[in-house]
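Step one of this worksheet: look at the structure below.
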There are 2 protein chains.
Amino acid sequence: MPPRTSSPMPSSKPTPVTMDAVYTAPGYLFRRMQQIAVALFIEECKAFDLTPVQYAALVTISTHPGIDATRLSAVIAFDRSTLGNVIERLQAKEYIVRKPAPEDKRVKLLYLTKAGASVLNDIMPSVDKAQARMMQPLKPADRKTLLSLLTQLVDLNNEASRVPLRAEDALEHLGRSG
Amino acid sequence: MPPRTSSPMPSSKPTPVTMDAVYTAPGYLFRRMQQIAVALFIEECKAFDLTPVQYAALVTISTHPGIDATRLSAVIAFDRSTLGNVIERLQAKEYIVRKPAPEDKRVKLLYLTKAGASVLNDIMPSVDKAQARMMQPLKPADRKTLLSLLTQLVDLNNEASRVPLRAEDALEHLGRSG
DNA sequence: AATTGATTGACAGTATACTTACAATATGGC
DNA sequence: GCCATATTGTAAGTATACTGTCAATCAATT
């Protein structure tokens with residue numbers, strides 16, 4: 001972060017504030033891009049009535065049938081409480097079912113229904129289109145650079161988020177790789 | 001987006017899904033980074049009880065005293081409805097006041113209070129620290145590259161979001177630049 | 001076996017972020 | 001001056017995204 005003024009002298013006066021304090025902040029730019037990403041996803045996928053979060057949950061349940069809610073939250077770095085509502089909605093749409101785990105009465109295991117597998121299969125091209133659209137304005141080389149830096153940054157900052165990604169830990173017992 | 005399988009033959013079978021459908025999607029990475037950015041902001045600024053959105057609103061009201069809610073939403077690309085709640089909270093904390101506009105009975109103009117100006121001045125170093133922390137894991141050259149690409153991408157995708165940034169339009173009548 | 005501590009799913013509460021709708025008010029064309 | 005249209009703030013409804021807390025359950029230690 002560059003200093004907010006070019007004044008070389010310490011001063012007791014309030015620092016003059018400009019909109020740069022917002023517009024050039026990485027946090028603001030990430031918020032904008034997330035906003036844009038969600039808007040494009042919803043637009044491309046409106047025929048399917050699935051949100052980005054619901055899509056990520058469906059993908060994960062598809063690749064890890066029988067996963068429980070807590071592990072699912074760790075695998076996609078969602079908040080556990082938030083995920084409860086997401087699961088309810090997917091269940092209401094009959095895209096997933098919950099079965100009690102026989103060996104642990106606390107746990108409910110998650111499985112795709114036929115309708116869930118079908119919608120997941122059908123929505124894929126639209127998801128890809130949305131993902132492509134948000135990167136489209138950049139030159140291909142710049143897209144690669146951005147994606148690479150973003151992947152690094154998310155990985156290196158993993159512990160900073162309240163809900164760190166714990167893919168490996170969470171999936172140990174399932175004997176599957178994501 | 002690369003094809004999801006290497007199968008050269010068309011097939012009626014469902015496409016096999018892997019977690020790459022989530023982890024390598026730019027939209028997922030933007031969501032993660034936003035999550036991380038908010039977490040770092042809250043952590044660094046917890047002494048001030050301000051959220052990132054409330055901070056951005058305060059900065060804008062500070063640089064554009066007498067702005068109204070609709071214009072404010074355009075300047076920081078917030079949803080107008082969402083902003084209503086944000087303004088209420090800032091008002092409850094007595095960081096801003098709303099005064100009816102004399103020439104238009106619909107409009108309420110926004111101004112910082114002394115307490116608002118004070119908290120904005122005081123929180124700045126913590127905000128800068130949070131912004132620096134989220135980029136810290138990258139090498140300085142990579143930080144610059146990422147920030148540049150991100151700025152370009154947000155700008156070029158502006159119209160894609162439901163609430164495009166309209167800084168200039170919104171501020172024409174105020175005779176100020178942000 | 002009984003207690004301690006951790007885990008799981010659920011719930012309440014706050015804060016974004018969007019949708020649609022609506023009443024009050026302004027504005028422009030006529 | 002009047003009327004269709006647009007704007008402003010507000011509200012209700014949905015969906016994330018987090019904070020807590022809690023009861024039920026399980027596991028680990030004594």
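Chain identifiers are assigned alphabetically (A, B, ...) following the order of the sequence lines, protein sequences preceding nucleic acid strands; residue numbering begins at 1 within each chain. What you are looking at is a predicted structure, and each value in this text was computed from that prediction instead of being measured.
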*Do the side chain of Arg143(B) and the main chain of Leu138(B) share a donor and acceptor less than 3.5 angstrom apart?*
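At least one qualifying donor-acceptor pair exists.
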
*Would you please test Arg166(B) and Glu159(B) for salt bridge (charged side-chain N to carboxylate O under 4.0 Å, His left out) and show each step?*
CA-CA 10 Å; Arg166(B) 300 237 181 270; Glu159(B) 295 304 319; 3.1 Å; yes

For atom [atom1] of [X] and atom [atom2] of [N], their distance in whole Å:
X: Leu83(B); N: dA15(C); atom1: CG; atom2: C1'; answer: 13 Å
X: Ile87(B); N: dT8(D); atom1: CD1; atom2: C1'; answer: 11 Å
X: Ile42(B); N: dA15(C); atom1: CD1; atom2: P; answer: 10 Å
X: Ile76(B); N: dT16(C); atom1: CD1; atom2: P; answer: 11 Å
X: Asp79(B); N: dG9(D); atom1: CG; atom2: P; answer: 13 Å
X: Asn85(B); N: dA11(D); atom1: CG; atom2: P; answer: 9 Å
X: Glu43(A); N: dT19(C); atom1: CD; atom2: P; answer: 11 Å
X: Glu103(B); N: dT25(C); atom1: CD; atom2: P; answer: 15 Å

_Under a 3.5 Å cutoff, is there a donor and acceptor pairing between the side chains of Arg32(A) and Asn158(B)?_
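There is such a pair between these side chains.
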
*Can you name the closest pair of heavy atoms from Phe30(B) and Leu153(B) and give their distance?*
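In this case the closest contact between Phe30(B) and Leu153(B) is CZ-CD2, 4.0 Å.
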
*Kindly give the heavy-atom pair with the smallest separation between Leu112(A) and Ser62(A), and that separation in Å.*
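Heavy-atom minimum between the residues: CD1-CB, 3.6 Å.
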
*Would you give a per-nucleotide map of nucleotides 8-14 of chain C, 5' to 3', where B means the base has a protein non-hydrogen atom under 4.0 Å away, S means only the sugar-phosphate does, and - means neither?*
BBSB---

*Please state whether the phosphate of dT16(D), meaning OP1 or OP2, lies under 4.0 angstrom from any side-chain nitrogen or oxygen of Gln54(A).*
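Yes, Gln54(A) has a side-chain N/O under 4.0 Å of OP1/OP2 on dT16(D).
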
*Does Gln35(B) place a side-chain N or O at less than 4.0 Å from the phosphate oxygens OP1/OP2 of dA17(D)?*
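No.
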
*Crowded around Glu94(B) CD? As in, over 12 foreign heavy atoms under 6.0 Å?*
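Counting neighbours around CD of Glu94(B), 12 or fewer heavy atoms of other residues, nucleotides or ligands fall under 6.0 Å, so no.
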
*Taking five pairs at each end of the helix from dA1(C)-dT30(D) to dC30(C)-dG1(D), what angle separates the two helix axes (nearest 10°)?*
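So the angle between the two local helix axes works out to 10°.
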
_Under the criterion salt bridge (charged side-chain N to carboxylate O under 4.0 Å, His left out), I'd like the reasoning laid out for Asp49(A) against Lys93(A): C-alpha separation, chi angles, the key distance, then a yes or no._
CA-CA 10 Å; Asp49(A) 189 35; Lys93(A) 294 175 189 173; 3.8 Å; yes

*asked:* So Thr51(A), base contact, sugar-phosphate only, or nothing? Heavy-atom distance under 4.0 Å.
replied: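 Sugar-phosphate, backbone atoms only, no base.
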
*Walk me through it: do Tyr28(A) and Tyr23(A) pass the test ring pair (Phe, Tyr, Trp, His ring centres under 6.0 Å)?*
CA-CA 7 Å; Tyr28(A) 174 79; Tyr23(A) 291 154; 5.8 Å; yes

*Mind checking the CG-CG spacing from Leu147(B) to Asp142(B)? Nearest 0.5 Å is all I need.*
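Here the interatomic distance stands at 12.0 Å.
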
